[in-house]
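To start, the structure under review is shown below, and the notes come after it.
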Amino acid sequence: MYKPLFNQRKALRFRKFSRKGYALFACLGRVVTIGVLSVATLRAAASTTTDDVAVVGGSANTVATDDTPDKEATLDGIEVTGSRAPLALGQAARMVTVLSREDIQAAPVQSINDLLKMTVGVDVRQRGPIGAQTDIGIRGGTSEQIAILLNGVNICDPQTAHNAFDLPCDLSDIERIEVLEGPAGRVYGTSSMVGAINIVTRRHAKREAEQKRWQGEARLEGGSFGYLSAAVRGAFCQHSLSVGYTRSDGYSRSKAGSLNSDYSGFKAFYQGGVTLGGKPQPSADKQPPTESQQLSWHVGLSTKGFGSNTFYSAKYDEQYEKTAKLFAALRGHLQAGRLHIQPAIYWNRSHDRFELIRGTEAKVPYNHHRTDVFGINLNSWFDWLLGRTAFGAEFRNEDIVSSNLGEPLNNPFDHYKVGLNRSNLSFHLEHNVLLRRFTLSAGFIAVKNTWNEMPFKIYPGIDASLRIGNQWKVYASYNASLRMPSFTELYYSVGGHQADKRLKPEELQAVEGGVKYNNRWLSAKASVFHHHSRNMIDWVMDTRDAQAVWQSVNHTKVNTLGEELAVSITPADYRQQEARGFGLRKIELAYCHLHQSKNEEPFLQSRYSLEYLRNKMTAMMQLHLVSRLDLTLHYRWHDRTGTYTDTGGTVRSYRPYSVVDSRLSWNADNYSFYIEANNLAAHRYVDYGNVPQPGFWLTVGARYRL
């Protein structure tokens, strides 16, 4: 799972070399191929191109060959940069964890949320299985402090991060998931205080021959607790459409005997694209065209309803929530000579209805919310004598109408009596210096938000990496970022909660250093990081007061010191082992340790920022057993700090727990059958407060591909 991504570039073929000192900069952002002909051998380092433009920081993919004849390989894997400007092959200054298509297909998971559990720096706190509701944080941060992107477009929900992962796409739509750990303010703006997660969907037909025929896929699976899920996906040319439905009876009941963790959800996702004027096709006898225009778009819908049992209050065990989200985005890539322009426009709408007592609005009124987010951004870059420079701007407007979040509306309608509107304007500038073995990327973002009349503030960042030989890389970075309060943190003052509408934005500064090693069968990395944050927002309660309520506060300063280690082994001869009937495909082991220091009172109970994963360890093994039979095993160990109050009023500490998941699959060319067993030891562990997770969960499924 820990694969670095390189960037796709147009090939530049040298027929002769210049001895000028600036000759290197002429090939910035391009893959350089050199043909060397001798009497005995012919060796060429070739590049292959893909139709996908990269997503994290606007980068793209590149696959290149090494100097071994007739063998394709990658230099240091495939790497994605965490910068505004796409960098040349192997020049990435910041590491990004990538969950590839192969990882997704082999994992024993039913949702993207489950998949992220195997990323060691990510804290996945589920209130229910199969993606019912999940809070996801990075490196000790809360779920509100990360940016969620779909194909590079920000889809964060300003109402609350509880519903941020109501994604419209099925697992079969996903090409890869990119996780950028650490502040990414100058890349993604105000949402990415401690990191970002980018979901990249599959683009159809990378080869011209494949574009002329339909491709399809169907999935059907069922299992424990009345679980049933079905999805179909079809693609033609640069267009694809998928729909899916999932339901479950749930694994728990209320005191009255009713199901209170049931789930049902529907997803639909369409994406398309067009190349105007023909896509540049480099050839050996002429230079690539200097102008090109490409457009791509996606439209997605996600609806779901789920029993929320004791999600928000231990006193009520028949809570219920229903959400609906619509996503639409249009992106472009324009090139004129050395100048690249990437405009994007997007609109996200969310509906949320929460029932404290399910089906009884007469006793306790429901909470109704409708959120609209409109954004337009522009990212541009160009090459010149001193490197590559990126610049751009983004405007984002966030609007909510609600039954209880915001200020009184001038014209109330339906359930909506109050609301709030705020806008965010940002400008960014970044420059990259690219030498043969050294990369320096530095820049800043200037941010202004209309909430509380916030003035423009600048958040800088700098990343550097040094490549030592062909296998080692050392890197270091400093970055600063911020996060605006959510509408819920500002105004949710019902049901035992008291919000503060004068909350300040959270701010964070971080330094990180690390080393990475990579050869044909071993990949390893180690990093150390320190986060200094102030004005941290949290919901806290004074446990000394029997009548105390949860209050939203800026919880002073928090310092986080962390270390991460990860090792991945892929035997170079596993194909030969499989030919003999058994093969070890991959082994991965990762560990993350965090220590947070803060002004913490012993009587103060926290919902988020005082609860973090102190230790997390993950392990994975992929085996080829016999013929077409494969086995994948996942293990993870969680040790969380913090406390919660149980239904009896007793304050309890979180207990460490271990979980083992497995997947046994029979894989043919056009179909596969599989059995997934989650939580083999049937531990009833707690990720969050009074919401116990299910024990053993069995899933049986099949896929068919046209």
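Keep in mind that this is a model prediction, so the values were computed, not measured. One-based numbering along the sequence shown.
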Ignoring hydrogens and angles, tell me if any N or O in the side chain of [X] forms a donor-acceptor pair with the backbone of [Y] under 3.5 Å.
{"X": "Asp166", "Y": "Ser302", "result": "no"}
{"X": "Asn554", "Y": "Lys504", "result": "yes"}
{"X": "Tyr612", "Y": "Gln596", "result": "yes"}
{"X": "Ser423", "Y": "Asn397", "result": "no"}
{"X": "Ser552", "Y": "Asp500", "result": "yes"}
{"X": "Asp157", "Y": "Gln159", "result": "yes"}
{"X": "Arg139", "Y": "Gly195", "result": "no"}
{"X": "Glu394", "Y": "Gly189", "result": "no"}
{"X": "Arg84", "Y": "Val187", "result": "yes"}
{"X": "Lys616", "Y": "Thr119", "result": "yes"}

Side chains of [X] and [Y] in contact at under 4.5 Å (non-hydrogen atoms):
{"X": "Pro168", "Y": "Phe269", "result": "yes"}
{"X": "Trp451", "Y": "Leu420", "result": "yes"}
{"X": "Asp135", "Y": "Thr142", "result": "no"}
{"X": "Glu398", "Y": "Met484", "result": "no"}
{"X": "Glu321", "Y": "Asp352", "result": "yes"}
{"X": "His593", "Y": "Asn615", "result": "yes"}
{"X": "Met193", "Y": "Met536", "result": "yes"}
{"X": "Ile197", "Y": "Phe165", "result": "yes"}

Between [X] and [Y], what is the shortest heavy-atom contact and its length?
{"X": "Glu181", "Y": "Arg94", "answer": "O-NH2, 3.4 Å"}
{"X": "His162", "Y": "Tyr312", "answer": "CD2-CE2, 3.8 Å"}
{"X": "Thr371", "Y": "Pro158", "answer": "CG2-CG, 3.6 Å"}
{"X": "Ile146", "Y": "Cys156", "answer": "O-SG, 3.7 Å"}
{"X": "Ser465", "Y": "Arg467", "answer": "OG-NH1, 3.5 Å"}
{"X": "Leu171", "Y": "Arg101", "answer": "O-NH1, 3.2 Å"}

* To do: May I ask you to decide if the ring planes of His531 and Phe529 are parallel, tilted or perpendicular, using 30° and 60° as cut-offs?
  => tilted

* Asked: With under 30° as parallel and over 60° as perpendicular, where do the rings of Phe427 and Phe456 fit, or are they tilted in between?
  -> tilted

* Asked: What residues, two or more places apart in sequence or in another chain, satisfy side-chain hydrogen bond (donor to acceptor under 3.5 Å, both in side chains) together with His369?
  -> Ser402

* **For Gln126, side-chain hydrogen bond (donor to acceptor under 3.5 Å, both in side chains) partners two or more places apart** => Asp114, Lys117

* To do: Tell me, please, which residues at least two apart from Lys501 pass salt bridge (charged side-chain N to carboxylate O under 4.0 Å, His left out).
  => Glu407

* Asked: For His431, which of Phe444, Trp384, Phe391, Trp381 qualifies under ring-ring contact (aromatic ring centres under 6.0 Å, His included)?
  -> Trp384

To the nearest 0.5 Å, tell me how far [X] [atom1] sits from [Y] [atom2].
{"X": "Cys592", "Y": "Asp123", "atom1": "SG", "atom2": "CG", "answer": "10.0 Å"}
{"X": "Leu482", "Y": "Ser192", "atom1": "CG", "atom2": "OG", "answer": "8.5 Å"}
{"X": "Ile104", "Y": "Arg176", "atom1": "CD1", "atom2": "CZ", "answer": "10.0 Å"}
{"X": "Ile177", "Y": "Ile199", "atom1": "CD1", "atom2": "CD1", "answer": "6.0 Å"}
{"X": "Ile112", "Y": "Leu167", "atom1": "CD1", "atom2": "CG", "answer": "4.5 Å"}
{"X": "Ser296", "Y": "His333", "atom1": "OG", "atom2": "NE2", "answer": "11.0 Å"}

Pair [X]-[Y], side-chain donor/acceptor within less than 3.5 Å:
{"X": "Gln271", "Y": "Thr201", "value": "yes"}
{"X": "Asn348", "Y": "Asn154", "value": "no"}
{"X": "Thr323", "Y": "Asn163", "value": "no"}
{"X": "Asp639", "Y": "Tyr654", "value": "no"}
{"X": "Trp347", "Y": "Asp372", "value": "yes"}

* Report the residue from Arg534, Arg483, His532 that forms a side-chain hydrogen bond (donor to acceptor under 3.5 Å, both in side chains) with Glu507. => Arg534

* To do: Run the numbers on Arg331 and Gln342 for side chain to side chain contact (heavy atoms under 4.5 Å, CB included), then give the verdict.
  => CA-CA 7 Å; Arg331 297 169 295 147; Gln342 282 188 327; over 6 Å; no

* To do: Report the C-alpha separation of Glu611 and Arg125 in whole Å, then their side-chain angles, then the decisive distance to 0.1 Å, and conclude whether the side chain to side chain contact (heavy atoms under 4.5 Å, CB included) test is met.
  => CA-CA 11 Å; Glu611 299 178 357; Arg125 306 184 67 182; 2.7 Å; yes

* **Worked verdict on Phe382 versus Thr389 for side chain to side chain contact (heavy atoms under 4.5 Å, CB included)** => CA-CA 6 Å; Phe382 63 92; Thr389 300; 3.9 Å; yes

* Asked: Centre of Tyr688's six-membered ring, under 6.0 Å away, within 45 degrees of the axis: is that where NZ or CZ of Arg127 sits?
  -> yes

* To do: Take Tyr188 and Ser481, measure what side chain to side chain contact (heavy atoms under 4.5 Å, CB included) needs, and give me the verdict at the end.
  => CA-CA 9 Å; Tyr188 297 120; Ser481 192; over 6 Å; no

* Option among Leu440, Asn479, Asn432, Thr439 that satisfies the side-chain contact (heavy atoms from CB on, under 4.5 Å) test with Asp463 -> Asn479

